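Below is one structure; the comments refer to it alone.
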Amino acid sequence: MPYRAPVREFSFLLDKVVGFSRVQSADCFADATPDMVGAVLTEAAKLCDEVMAPLQRVGDLTPAVLENGVVRTSPGFADGYKAIADGGWVAITADPDHGGMGLPLAVATAVNDMMAGACLALQLNMLLTQGQIEALEHHADDALKALYLPKLISGEWTGTMNLTEPQAGSDVGALSSKAEDNGDGTYAVSGQKIYISWGDSDFAANVCHLVLARLPGAPAGTKGISLFMVPKFIPDADGAPGVANSLRVVSLEHKMGLHGSPTCVMSFERATGWMVGAPGGGMKAMFTMMNNARLGVGGQGVGSAEAAYQQALAYANERRQGPADYDAIIGHADVRRMLATMKAEVFTARAIELDCAVSIDMARATGDAAWTARAAFLTPIAKAFGTDIGCEVAQMGVQVHGGMGYIEETGAAQFYRDVRVTAIYEGTNGIQAMDMVGRKLMDGGDAAFALLDEIEAAAEAAKSALPDLAGAVWEAAESLRETTEWLIAQDMTARFATAVPYLRSFARVLGGHYHLRAAMAEPDGARGKLARFYIARLLPEHVALLAHVRAGDGGLMDITPDDLAA
């Protein structure tokens with residue numbers, strides 16, 4: 001079944017669940033009227049359905065390759081990218097002063113989710129460029145902005161981020177790449193980077209690399225890292241790509257999935273670069289790119305889950321092997337259970353990502369610290385839960401297909417192979433959880449408790465109309481509140497030992513909240529039924545998760561490496 005972008009779902013979530021109207025009321029987003037947003041989503045969906053979705057299988061079956069030092073992308077990807085760039089989709093949130101649309105991040109999040117569902121391998125290229133645009137807008141000097149932003153925003157040039165090295169993965173501070181001052185405002189950047197998504201292509205006029213490197217004499221660790229713009233071609237006096245820079249693609253990684261996205265080993269050999277931000281400010285500048293990229297990666301998980309669900313649903317309706325009263329496997333209770341779980345989980349993860357995006361938009365519009373804290377708290381949940389659900393829904397999709405799901409020709413397995421890396425890159429989901437129980441609880445739990453206050457207030461308001469659903473959500477939120485209070489009193493070892501179940505429990509309770517809001521908006525019909533399914537069957541998982549949290553590190557760190565090998 002061909003993918004269809006779920007425009008109506010996004011409209012419902014924005015209007016009825018996550019309060020997007022507050023963003024639309026802000027002066028800085030005055031152009032984001034309901035008509036404008038509806039038109040944007042409709043046009044993006046058309047691009048997804050007609051241009052990007054047909055490339056999904058092509059990229060998997062005909063991967064990008066490296067030939068004589070040149071990356072050759074999958075058939076049709078160049079035309080697909082041109083359609084994305086020509087439509088202005090790279091620039092959806094970018095500053096209008098440099099040619100961007102200046103639309104809210106919530107709208108961009110919806111568009112990126114749809115595009116990830118259509119063709120994740122190609123959408124990744126756009127997401128990286130969007131992150132680079134944001135980093136430059138916040139940290140580059142005026143000359144770099146004037147040169148690079150219009151080209152990146154138009155899609156003529158593409159952007160990457162170069163962090164990881166063979167000996168420095170999540171521990172970025174261990175990197176060894178270096179940069180030496182050339183004395184003319186440029187730097188000679190040297191080192192090797194690995195896992196560089198879209199490190200090169202045959203359709204971008206220039207590929208602009210943001211590279212983390214260390215200046216001579218800089219302190220060890222992350223404090224000594226600076227950020228440099230290192231283009232594939234050095235711009236000439238007119239700003240056009242000039243001579244080739246001293247960098248190259250050494251090889252392409254052989255990956256489990258995302259075959260249409262070239263993941264490069266990059267070598268920089270005294271390549272010419274320009275510093276972005278202040279010396280030693282590399283991580284600060286890169287985190288500007290990474291934080292919203294984490295939300296974007298969460299959206300990649302959700303989009304992939306949507307696509308896997310659509311294919312599984314179509315197969316379940318078509319496969320003629322069911323009970324006597326329903327001549328298809330969708331008539332079987334267990335198949336119905338899997339499909340309902342997939343749909344309910346996609347709704348939850350998508351609501352979290354959109355709520356997070358609305359919070360970021362409101363923080364920008366108001367400057368209110370409470371919105372900033374809310375966005376920061378939701379970000380690791382959006383990334384980790386969104387990508388976990390991407391993996392879980394994709395594997396359920398294979399199960400719905402039965403034996404045919406294990407056969408590559410159906411394409412069911414591709415969704416799992418492609419999405420699996422999203423739980424790893426942009427900070428593994430374990431790191432997201434550690435960030436949540438560490439830095440995000442350093443406020444004494446204020447941001448967490450504010451969210452729980454919202455959930456309980458909404459549940460109280462819903463009790464007269466939907467008492468059973470509202471009561472269950474309120475009780476879950478109160479249990480989570482009590483465990484949060486307990487967790488704050490623990491040391492970091494205990495927090496880190498239970499970080500993953502804590503994040504998952506928060507996502508579960510948020511899911512109850514969003515499903516309850518959906519049921520209040522449309523109590524009769526499919527949304528009310530799905531809310532009952534989620535709150536009765538999935539929300540109770542929070543009880544076991546919170547029990548795991550309450551165990552702290554007891555009995556975990558007592559298990560030694562020798563015990564594990566026994």
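All figures in this text were calculated on a predicted structure; none of them were measured in a lab.
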Main chain of Asn182, side chain of Thr186: is a donor-acceptor contact present, judged purely on distance under 3.5 Å? no
Would you say the side chain of Ile84 lies within less than 4.5 Å of the side chain of Val90, judging by non-hydrogen atoms? yes
Find the distance between OG (Ser226) and CE (Met275) and round it off to the nearest 0.5 Å. 4.5 Å
On a heavy-atom basis, the closest approach of Gln24 and Pro34 is NE2-N, 3.5 Å
So, Glu426 side chain and Lys383 main chain: donor-acceptor pair closer than 3.5 Å or not? no
Look at the aromatic rings of Trp198 and Phe77 and report parallel, tilted or perpendicular, splitting at 30° and 60°. parallel
Please tell me if the side chains of Trp89 and Met115 come closer than 4.5 Å, counting only heavy atoms from C-beta onward. yes
With Phe20 via ring-ring contact (aromatic ring centres under 6.0 Å, His included) - residues at least two apart: none
Would a 4.5 Å heavy-atom cut-off, applied to side chains only, mark Asp200 and Pro262 as touching? no
Say whether Lys151 and Asn206, considering side chains only, have a donor N or O and an acceptor N or O under 3.5 Å apart. no
Answer yes or no: are there more than 12 heavy-atom neighbours, outside Lys284 itself, under 6.0 Å from its atom NZ? no
Distance-only criterion, 3.5 Å: show the donor-acceptor pairs between side-chain atoms of residues 352-379 and protein atoms not counting sequence neighbours.
from   : atom 1 : to     : atom 2 : distance (Å)
Asp355 : OD1    : Arg374 : NH1    : 2.8
Asp355 : OD1    : Arg374 : NH2    : 3.4
Asp355 : OD2    : Arg374 : NH2    : 3.2
Asp355 : OD2    : Tyr514 : OH     : 2.7
Ser359 : OG     : Asp355 : O      : 3.0
Ser359 : OG     : Arg374 : NH1    : 2.6
Asp361 : OD1    : Leu105 : N      : 2.7
Asp361 : OD2    : Leu105 : N      : 3.1
Asp361 : OD2    : Ala106 : N      : 2.9
Thr366 : OG1    : Met362 : O      : 2.7
Thr366 : OG1    : Asp368 : N      : 3.1
Asp368 : OD1    : Ala370 : N      : 2.8
Thr372 : OG1    : Asp368 : O      : 3.4
Arg374 : NE     : Glu454 : OE2    : 2.9
Arg374 : NH2    : Glu454 : OE1    : 2.8
Thr379 : OG1    : Ala375 : O      : 2.8

Go through it in stages, so that I can follow the logic: the residues are Thr164 and Ile196, the test is side-chain contact (heavy atoms from CB on, under 4.5 Å), and I'd like the CA-CA distance, side-chain angles, deciding distance and then a yes or no. CA-CA 8 Å; Thr164 306; Ile196 308 307; 5.6 Å; no
For Ala423 versus Asp388, what's the shortest heavy-atom pair and its separation? CB-OD1, 4.4 Å
I'd like to check Pro380 versus Arg294 (side-chain heavy atoms, cut-off strictly below 4.5 Å). Are they in contact? no
All pairs passing side-chain hydrogen bond (donor to acceptor under 3.5 Å, both in side chains) where residues 124-142 contributes a residue, at least two apart: Asn112-Gln130, Glu134-Asn292, His139-Thr288
Would you say Asp60 and Arg417 make side-chain contact, with heavy atoms under 4.5 Å? yes
Under the rule for salt bridge (charged side-chain N to carboxylate O under 4.0 Å, His left out), what residues qualify as partners of Arg22, not counting sequence neighbours? none
Enumerate the residue pairs fulfilling ring-ring contact (aromatic ring centres under 6.0 Å, His included) with a member in residues 176-196, sequence neighbours excluded, ordered by first and then second residue. Tyr187-Phe228
By side-chain contact (heavy atoms from CB on, under 4.5 Å), Pro75 pairs with (sequence neighbours left out) Val58, Thr62
Could you give all pairs that pass the side-chain hydrogen bond (donor to acceptor under 3.5 Å, both in side chains) test and reach residues 70-81, with sequence neighbours left out? Thr73-Asp202
How about Ser267 and Glu269: does a side-chain donor come under 3.5 Å of a side-chain acceptor? yes
List the steps, then state whether side-chain contact (heavy atoms from CB on, under 4.5 Å) holds for Lys193 with Val265. CA-CA 6 Å; Lys193 300 288 185 177; Val265 176; over 6 Å; no
Show me the pairs that pass ring-ring contact (aromatic ring centres under 6.0 Å, His included) and involve residues 241-279, at least two apart or across chains. His209-Phe268
From CZ (Arg4) to CE (Met114), nearest 0.5 Å: 13.5 Å
Between Thr33 and Asp35: side-chain donor-acceptor atoms closer than 3.5 Å: no
Pairing residues for Ala204 by the side-chain contact (heavy atoms from CB on, under 4.5 Å) criterion, not counting sequence neighbours: Thr158, Ser201, Val207
Pairs of donor and acceptor atoms involving the side chains of residues 239-246, under 3.5 Å and at least two apart or interchain, shall be tabulated with distances.
from   : atom 1 : to     : atom 2 : distance (Å)
Asn245 : OD1    : Thr272 : N      : 2.9
Asn245 : ND2    : Pro231 : O      : 2.9
Asn245 : ND2    : Thr272 : O      : 2.9

Sequence-distant partners of Glu306, salt bridge (charged side-chain N to carboxylate O under 4.0 Å, His left out), two or more places apart: Arg350
Verdict with reasoning, Phe347 to Leu13, per side-chain contact (heavy atoms from CB on, under 4.5 Å): CA-CA 9 Å; Phe347 179 91; Leu13 280 162; 3.6 Å; yes
Measure across Leu227 and Ala285 and return the closest heavy-atom pair with its distance rounded to 0.1 Å. CD2-CB, 3.6 Å
Distance (rounded to the nearest 0.5 Å) between Asp418 CG and Gln300 CD: 10.5 Å
Does the side chain of Leu212 reach to within under 4.5 Å of the side chain of Asn162, using non-hydrogen atoms? no
Does Asp95 have any salt bridge (charged side-chain N to carboxylate O under 4.0 Å, His left out) partners at least two apart in sequence or in another chain, and if so, which? none
With the side chain counted from C-beta on, respond yes when Arg214 and Ser177 share a heavy-atom pair under 4.5 Å apart, and no when they do not. no
Using every non-hydrogen atom in the two residues, find where Ala32 and Val37 come nearest and quote the distance to one decimal. O-CG2, 3.8 Å
Strictly distance-based, threshold 3.5 Å: is any side-chain N or O of Glu408 a donor or acceptor partner for the main-chain N or O of Leu61? no
Yes or no on side-chain contact (heavy atoms from CB on, under 4.5 Å) for Leu252 and Thr263, after CA distance, side-chain angles and deciding distance? CA-CA 6 Å; Leu252 299 187; Thr263 301; over 6 Å; no
Work out which heavy atom in Gly99 is nearest to a heavy atom in Ala91; give both atom names and the distance. O-CB, 4.3 Å
So how far is it from Thr422 OG1 to Leu124 CG, rounded to the nearest 0.5 Å? 10.5 Å
So do Pro96 and Met101 actually touch side chain to side chain, heavy atoms under 4.5 Å? no
Distance-minimising heavy-atom pair for Thr387 and Val297: CG2-O, 3.5 Å
Under 3.5 Å, is there a donor-acceptor pair between the Ser11 and Asp15 side chains? no
When rounded to the nearest 0.5 Å, the distance separating OG of Ser190 from CZ of Arg270 is 6.0 Å
For the atom pair OG (Ser197) and NZ (Lys255), what is the distance rounded to the nearest 0.5 Å? 6.0 Å
